[in-house]
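In what follows, a structure is listed as structure tokens, so that the remarks can point back to it.
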Amino acid sequence: MLRFIKYIFQLLLSPALGWEDIEKENPDPEELMRTGLYPLMGVAAATEFLGFAWNRHMELGEVLMRALADFGTYFVAVFIAKLIFELYLKKVTTAAPDERRSFTLIVLGIGLMVLIQIIDNCIPWQIVILKFLPLYAVLVIYKASDYIGVRRGDELRFMGLAAGVIVVVPLLIYYLLYLIIV
């Protein structure tokens, strides 16, 4: 998990250099998912229980449903993103897309979204700027265009595809589940 967190913080602090380091180390995305993303998703689900500390009227059932929504949202989003990348990524890359690299992008991108969720869960106030943090995840994803091998001129198409799949899909799933819960 520490390796996964190291990659996430590298991407947060310097997206371009972070992707260069990831390219050099060439981590196994399955291992990153197993030892980094899944535990981080568990932490995000567990932080929902902090709601008891600042909302005395919250019921256990609601907190459990929100925790399941947190974990389930990102779990499903990984596989939806993988499917969409397999179908459409070849339209914006110079050669056949490297599945290992694209899956690494998905795992680390979803990891950024999970980290944003953890921050949101740990703060008792509704701070508007936290709702805009996914836009920074879009910037991190854009900086991965060289890592993925995107053709010159197709960077915006890649960013739209990747941001839509890695940022928008989890947000849509989360808000749909949240509407069902409330």
Side-chain angles (χ1 to χ4, degrees), residues 1-15 18-19 22 27-85 102-141 143-144 162-182:
M1 181 156 177
L2 292 177
R3 186 175 173 200
F4 183 77
I5 297 295
K6 178 188 102 170
Y7 290 143
I8 294 290
F9 279 110
Q10 279 183 310
L11 291 173
L12 285 173
L13 297 175
S14 177
W19 287 115
I22 291 166
D28 179 26
E30 295 286 338
E31 180 187 341
L32 286 177
M33 191 167 64
R34 200 174 45 255
T35 62
L37 183 62
Y38 288 158
L40 197 64
M41 288 169 28
V43 169
T47 58
E48 284 291 347
F49 288 91
L50 292 173
F52 283 132
W54 42 78
N55 188 352
R56 303 281 182 208
H57 304 289
M58 193 173 274
E59 295 182 19
L60 179 62
E62 181 183 350
V63 172
L64 286 173
M65 293 297 285
R66 290 175 65 134
L68 283 171
D70 280 358
F71 192 89
T73 294
Y74 297 111
F75 184 82
V76 169
V78 167
F79 298 103
I80 291 173
K82 190 173 180 182
L83 174 69
I84 293 174
F85 264 35
S102 65
F103 195 41
T104 301
L105 170 65
I106 292 166
V107 169
L108 291 171
I110 299 281
L112 283 170
M113 295 300 293
V114 172
L115 186 64
I116 291 169
Q117 183 68 46
I118 290 170
I119 293 167
D120 192 32
N121 290 347
C122 290
I123 296 177
W125 314 283
Q126 292 294 324
I127 299 175
V128 175
I129 196 151
L130 289 177
K131 304 302 179 197
F132 289 100
L133 281 178
L135 292 176
Y136 188 72
V138 172
L139 172 72
V140 171
I141 291 166
K143 292 294 186 177
V165 170
I166 295 172
V167 176
V168 175
V169 167
L171 289 174
L172 284 176
I173 294 170
Y174 181 78
Y175 287 121
L176 287 173
L177 289 175
Y178 188 74
L179 287 173
I180 292 170
I181 292 169
V182 174

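Side chains included, hydrogens not; waters and symmetry mates left out as well; all remaining heavy atoms used.
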Please round to the nearest 0.5 Å and tell me the distance separating atom [atom1] of [X] and atom [atom2] of [Y].
X      : Y      : atom1 : atom2 : answer
Met58  : Phe52  : CE    : CZ    : 7.5 Å
Leu112 : Tyr7   : CG    : OH    : 14.0 Å
Phe9   : Leu13  : CZ    : CG    : 7.5 Å
Leu108 : Gln10  : CG    : CD    : 10.0 Å
Leu115 : Leu133 : CG    : CG    : 9.0 Å
Ile8   : Met1   : CD1   : CE    : 10.0 Å

Restricting to pairs with a member in [range], which pass salt bridge (Lys or Arg N to Asp or Glu O under 4.0 Å), not counting sequence neighbours?
range            : answer
residues 104-113 : none
residues 36-50   : Glu48-Arg66
residues 106-121 : Asp120-Lys131

Does the side chain to side chain contact (heavy atoms under 4.5 Å, CB included) test come out yes or no for Thr47 and Ile119, once each step is laid out? CA-CA 9 Å; Thr47 58; Ile119 293 167; over 6 Å; no

By side chain to side chain contact (heavy atoms under 4.5 Å, CB included) - contacts of [X] (at least two apart):
X      : answer
Tyr136 : Leu12, Pro15, Leu139, Val140
Leu176 : none
Leu135 : Phe132

Can you see which heavy atom on [X] is nearest to which on [Y], and at what distance?
X     : Y      : value
Phe4  : Gly111 : CZ-CA, 3.8 Å
Glu30 : Phe103 : OE2-CE2, 3.3 Å
Ala44 : Val114 : CB-CG1, 3.8 Å

Hey, are the side chains of Thr104 and Asp28 touching, using non-hydrogen atoms and a 4.5 Å cut-off?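 Thr104 vs Asp28: side chains apart.
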
Can you find a heavy atom in the side chain of Ile22 that is under 4.5 Å from one in the side chain of Leu11? yes

Scan the side chains in residues 31-39 for donor-acceptor partners under 3.5 Å anywhere in the protein, sequence neighbours excluded, and list what turns up.
| unit_1 | atom_1 | unit_2 | atom_2 | d |
| --- | --- | --- | --- | --- |
| Thr35 | OG1 | Glu31 | O | 2.7 |

Going by the rule ring pair (Phe, Tyr, Trp, His ring centres under 6.0 Å), which residues pair with Tyr174 if we only count those two or more places apart in sequence or in a different chain?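 Ring pair (Phe, Tyr, Trp, His ring centres under 6.0 Å) list for Tyr174, sorted by chain: empty.
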
Side-chain donor/acceptor pairs under 3.5 Å, residues 67-76, sequence neighbours excluded:
| unit_1 | atom_1 | unit_2 | atom_2 | d |
| --- | --- | --- | --- | --- |
| Asp70 | OD2 | Asn121 | ND2 | 3.1 |
| Thr73 | OG1 | Ala69 | O | 2.5 |
| Tyr74 | OH | Gln117 | OE1 | 3.3 |

Compile the donor-acceptor pairs under 3.5 Å between side chains in residues 163-172 and protein atoms, sequence neighbours left out, one pair per line.
none

